[in-house]
Structures are given as C-alpha cells and as structure tokens.
2 protein chains.
Amino acid sequence: MTTSPPRRMRADARRNYERLLTEAAAVFAERGVDASLEDVARRAGVANGTLYSHFPTRQALLEALLRSSMENLAATARELRDHPSAYEALVTWLRAAIVHTTAYRGLAAPMMRSLKDETSELYAACQAVLAGGEALLSRAHAAGAIRADATPEDLYALVNAVAWAGEQTSPEQGERLLTFSLDGLRPT
Amino acid sequence: MTTSPPRRMRADARRNYERLLTEAAAVFAERGVDASLEDVARRAGVANGTLYSHFPTRQALLEALLRSSMENLAATARELRDHPSAYEALVTWLRAAIVHTTAYRGLAAPMMRSLKDETSELYAACQAVLAGGEALLSRAHAAGAIRADATPEDLYALVNAVAWAGEQTSPEQGERLLTFSLDGLRPT
DNA sequence: GAATTATATTGAGACAGCCTCAAGTTTGGC
DNA sequence: GCCAAACTTGAGGCTGTCTCAATATAATTC
C-alpha cells in the first residue's frame, strides 16, 4: 500500500520493493514507460498482485523510480545559482532537464500532464522541477539575458516538447529545436 | 482488404466502409487516436472483423481519415505561394498544419514517427506535408526572412512539437512555444 | 522457541482490447 | 433464379490491467 521510501517495512516486503524498482528501471529503459507491468513483476520474480500492492498505479512506480534523479535536478539548479553567467546557468540546467526527461521513452507526456494535475503522483516532482527552473530564470531575467515575457511554464513546456521531439525522431532534431527556441528567448 | 478510396466495392462493403470512417472520426475526436477500435466497429454496427478487413491497421484507418484534410493542406500551400509576404505565407501555413495535427488527440506522435518510416501507411501523407512546407520555406529563404540553416524537417518537427505541447497542456501554451521558436527562426 | 498477531504475497478471475480465420451470408452478373 | 466472388460474422487466442479472498511469512510477545 505504501509508495514512500521504505519505512519500517517487513524484510521480505522491502526486498521485493527494491527488486521491483530495479526491474522496472530495466524494463522501462528497454520498452518505455508504457511497458507491461506484468513483465516487471515477472522479471522481479513476484506475483503481479505484489507489484500493485507496492505501487497502486503506474505513475506511483514512475514516481519512485524518478525520485532520486529529480532530486539531482533540483540540486543542480541550486549549484548553478553561483554560475558566473546567468544565461549559461539556465541553458545548462535546461539541457540537464531534457536529459532527465529522456531517461525513458514516453516520459515527456506524463511529465507534461502532471504539472497541473494535483491528483497525479508526479505532481510534486513536476512542481519541484518547475521551481528549479524558476530560480534560474528569474536570475536570467534580472541579467537581461532572457526576454521578459518568458515564464517558468514556458521553459517547462519547452523542455518536454524538445525531449518528446527528440525521442520521436532523433536527439539531434531535438537539439535543433532547442537551439531555435533558445534564440527566440533572447531579449528582443 | 483495401484501404484505398472505395473502388468498385460491393454495395454493402462500400456502405460499411463509409460508416466506419464516419464513426471513427467521431470516436477519435472524442477519445483520441488511441481509442478502442472495438468501439468504432460497435458504433458503426459491424463486427470487428469487418473493420479489420477494411483497415488492416490503426494507421490505415487514420490515413483514410486524414486524406482529405491532408490534401487541403497541400492545396493551401500552393495557394500561399502567391502571398505578397513570403514570411507570412510560411507562418500562416505552419499554423494551418498545427491545426491539422490537432484534429485528434495523440495524432502528433504518429505524424512525427511516420515521416521517416517508409513502411507506415501515413508515410506518403507526411511526405506531402513536408513538401508543402518545403516550397514555402525556400521562398522565405530566398527572401531572407528565415535563417538559412532551418530545414523543412525542422519546421515539420516544430509543427508537431507545438501541436503536442498544445494538446498536453493548453493551446495557448502551444502558441507561446510557437512564438518563441518563430522568433528564433528569424535570420541572425 | 512456540504461539500469536500483523504484515505481505499469491494467483485465479473479471474484464477490455487486439487481431485472425473458418464458416456463413450477401451481392451482382449471367 | 443460380452461382461464384466478395464480404461479414463472431468466437477464440492472446496480452494486459487490476482486485481480493485465501494463504504464507515475518516480527513480537511470553
């Protein structure tokens, strides 16, 4: 029933929880976030009911899987506040966010939809990403490096759209789209 | 077995073909391109085998469904070649392409993937769209209205990415992304 | 270290969707 | 009106999601 990081779980439960996460990472990496959950359970060597009891929804599983990399992303944002160039700091972070979103095929869509959906298990994580970008954006705004009407939500959408385009075609195509958009985000 | 526009079909087959298209349009409009095909068959009042015999794959159905609007898009491109402003002509057409891609939820992904996939039933249609943009782009290039390194594929990716972003969040967010990108596509 | 209790796991089962194909039905030409 | 060709049917095999009563295991208590 729990989705939180293992708290006072029974030893077997904890073992299965970890094993499920490990195998889910592998399966999602191979087949994307829409991969069969039966497959995940099979590979983890447990019955599917066990998977559902640990992770009631696919998003809950995804959330647990992404937690640490999300935290890394937030930490990176914090570090970049000290970067000499406000603009470069922002761009570097945006690229990191895109890499994060490219971890599993099909991840961009839930990331995008969960930003405004409070009922989503990914909601908090998405908001954290938004906040990370927000800090760097306002610094870039202050430095006059980014057009004034660009919002954090714009950047969030951009990151996901670029990640999506990249996974549908090629990372290079995503990169090209990013280049154009970033140029369009310079002050007029 | 046929997917082409009704040619010498038996009367009942033709009736069912049309009916399936009509209902598919309705169902896809309601639930997006990943809607249940069983649903389409049910609503058309035929067995699912009939649907599969007319449209062997979901993409074949989609192709038949999109054919006329694709042709409109190509026609629009031709008309716009005479527009006084090469830049405005291009932007107008890009907007039309985005509207087209927003016809059904989930359409952007197959449009994007089929551009380079010759085995896709949507391949020809996607190539036609690409060609439509290509003509307007080269005119804009000649007029010095668009940066020289922008390719037709870039515009194609942009259209789909914007349509995707718009359907995941809001059309307004898509519009904002488009604005930034278009600014970034001006010559440097 | 056995009994008790709380916690987990199991896997069958209900359901939906995809797709196929042998059997049956309908149409249209003669 | 008959017949071959064209078309439709729907049960059935498959995969996948999700639930829940029965069962098993770990932790706690005495």
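In what follows, every heavy atom counts, from backbone to side chain, and hydrogens, waters and symmetry copies are set aside. To find a chain, count down the sequence lines: A is the first, B the second, and so on, and within it residues start at 1.
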Separation of [X] atom [atom1] from [N] atom [atom2], in whole Å?
X: B:Tyr17; N: D:dT8; atom1: OH; atom2: P; answer: 13 Å
X: A:Arg19; N: C:dT9; atom1: CZ; atom2: P; answer: 13 Å
X: B:Gln59; N: C:dC19; atom1: CD; atom2: C1'; answer: 16 Å
X: A:Arg14; N: C:dT9; atom1: CZ; atom2: C1'; answer: 18 Å
X: A:Leu61; N: D:dG16; atom1: CG; atom2: P; answer: 16 Å
X: A:Asn16; N: C:dT10; atom1: CG; atom2: C1'; answer: 11 Å
X: B:Asn48; N: D:dG13; atom1: CG; atom2: C1'; answer: 13 Å
X: B:Arg58; N: C:dG17; atom1: CZ; atom2: P; answer: 11 Å

Would you say the side chains of B:Ser120 and B:Gln59 form a donor-acceptor pair under 3.5 Å?
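Yes, side-chain donor-acceptor contact under 3.5 Å.
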Any side-chain donor-acceptor pair under 3.5 Å between A:Asp117 and A:Ser114?
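A:Asp117 vs A:Ser114: no donor-acceptor pair found between side chains.
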Under 3.5 Å, N/O pairs linking protein and nucleotides 27-30 of chain C:
| from | atom 1 | to | atom 2 | distance (Å) |
| --- | --- | --- | --- | --- |
| C:dT27 | O4' | B:Arg10 | NE | 3.4 |
| C:dG28 | OP1 | B:Ala11 | N | 3.1 |

Distance, nearest 0.5 Å, that separates CZ of B:Arg95 from CG of B:Leu178:
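If we round to the nearest 0.5 Å, B:Arg95:CZ and B:Leu178:CG are 5.0 Å apart.
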What's B:Ser36 touching, base or sugar-phosphate or nothing? Going by heavy atoms closer than 4.0 Å.
sugar-phosphate
Within the structure, does a side-chain N or O atom of A:His54 lie under 4.0 Å from either OP1 or OP2 of C:dA8?
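False: A:His54 side-chain N/O out of range (4.0 Å or more) of C:dA8 OP1/OP2.
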Does a side-chain N or O from B:Ser53 land closer than 4.0 Å to OP1 or OP2 of D:dC7, or not?
no
Taking the nucleotide of DNA chain C with the closest heavy atom to each, which residue, A:Glu38 or A:Ala47, is nearer the 5' end?
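With A:Glu38 and A:Ala47 compared, the 5'-side residue is A:Ala47.
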For B:Tyr17 and B:Phe55, I'd like to know if the aromatic rings sit close, meaning centre-to-centre distance below 6.0 Å.
yes
Would you kindly check if the NZ (Lys) or CZ (Arg) of A:Arg139 is within the cone defined by 45 degrees around the ring axis of A:Tyr87 and under 6.0 Å from the six-membered ring centre?
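No, cation not above the ring by the 6.0 Å, 45° rule.
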May I ask you to decide if A:Met111's main-chain N or O and A:Tyr156's side chain share a donor-acceptor pair within less than 3.5 Å?
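Flag set: sc A:Tyr156 to bb A:Met111 pair under 3.5 Å.
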If you group Ile, Leu, Val, Met, Phe, Trp and Tyr whenever their side-chain heavy atoms sit less than 4.5 Å apart, what else falls in with A:Tyr123?
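Taking Ile, Leu, Val, Met, Phe, Trp and Tyr as members, A:Tyr123 stands alone, with no cluster partners.
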